[in-house]
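Order of listing sets the numbers, starting from 1, for every ligand and every atom in it. Computed from a predicted structure; not experimentally measured.
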Amino acid sequence: MISENAPLSSLDVWEDDLLSRYPEPEHKSKEEYRNYDSPERDTVREFYRLNHTYQTYDFVLEKEREFLKFDKKELPVWGIAEFLNTLVDDSDPDTDLDQLQHLLQTSEAIRADGHPDWFVLTGFLHDMGKVLCLFGEPQWAVVGDTFPVGCAHSDKIVYPEYFANNPDSRDERYNTKYGVYEPNCGLRNVHMSWGHDEYLYQIMKDYMPEPALYMMRYHSFYSQHREEAYTHLMDEHDHEMFKWVRKFNPYDLYSKSPKPPVVSELKPYYEELIAKYLPNTLRL
Ligand SMILES: [Fe+2]
Ligand SMILES: [Fe+2]
């Protein structure tokens, strides 16, 4: 039975679906991944129905007030990764990879390409905001493509038809091209739908270099970094920084390797990297 909080059997189902929408360029046959009749596909559709229905401007402001107090927990960074790994999906006991594996595969692929250490660290951190699930948040307020709230929903967002259920789409304050924003006001002035991207950005914003912060904050903003649907809200600085967001994306989507990284071998390197950039503990 599909639950409102958790229609997906696991958070990975959303990411598998991303792969079907944005297959690796070398894998020319999109059909390889696509299976529109699968029951899994139906859970993704249901997931987006909920996400597009409930992610309103007011909902986002309320979640920002609730979570940006950071009064939930205080942990060392490696501890956040381990905490995230307690996210088990009872409905799907054999999810292929746990969360820590996804983080390490992403960061190791970045490291193998010789990128700067803060880029590697960003790969390791990028999904830690998913701890929101462990605070009881519904899947549709943790993962999924993100999009600006407070202005018109682009039809370039996946399953745009479900925005018809969103009260903002009938509210004239929010349903025009610019809504509550000014042309090219810069994304820093734009509220994004609530989820793991924005939450992690807010946790990290005092510690990581600017390109890293953009990668964390906008990695699920597919309607911009892949579809360029919100260029009218971006300023010059955003355009510069989105080069990094686009550089990061393939590592997130295409770094699943058949040979899982050995956590114990990698831990010392990552502990050192964490210590270089981040404080001993972080408040969630
Ligand atoms: Fe993510
Ligand atoms: Fe990811």
Around atom CD of E236, are there more than 12 heavy atoms from other residues, nucleotides or ligands closer than 6.0 Å?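 No, the 6.0 Å shell around CD holds no more than 12 heavy atoms from other groups.
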Show me, pair by pair, the donor-acceptor contacts under 3.5 angstrom made by side chains of residues 64-72, not counting sequence neighbours?
| from | atom 1 | to | atom 2 | distance (Å) |
| --- | --- | --- | --- | --- |
| E64 | OE1 | H191 | ND1 | 3.1 |
| E64 | OE2 | H191 | ND1 | 2.9 |
| E66 | OE1 | K63 | NZ | 3.0 |
| K72 | NZ | E66 | O | 3.2 |

Ring-ring centroid check F124 Y270, cutoff 6.0 Å: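 Yes.
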Just checking: H219, one of its N/O/S atoms, less than 2.8 Å away from the Fe ion (ligand 1), yes or no?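 Yes.
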Which N, O or S atom name in H102 marks its closest approach to the Fe ion (ligand 2)?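 When I compare the N, O and S atoms of H102, NE2 is nearest to the Fe ion (ligand 2).
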Could you identify the N, O or S atom of D252 positioned closest to the Fe ion (ligand 2)?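 Sorting the N, O and S atoms of D252 by distance to the Fe ion (ligand 2) puts OD1 first.
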Rounding to 10°, state the angle centred on the Fe ion (ligand 1) that links NE2 in H196 with OD1 in D127.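 Computed angle, vertex at the Fe ion (ligand 1), rounded to 10 degrees: 90°.
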Hey, are E210 and K243 close enough for a salt bridge, meaning a charged N less than 4.0 Å from a carboxylate O?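 Between K243 and E210 there is no salt bridge, as every charged N stays at least 4.0 Å from the carboxylate O atoms.
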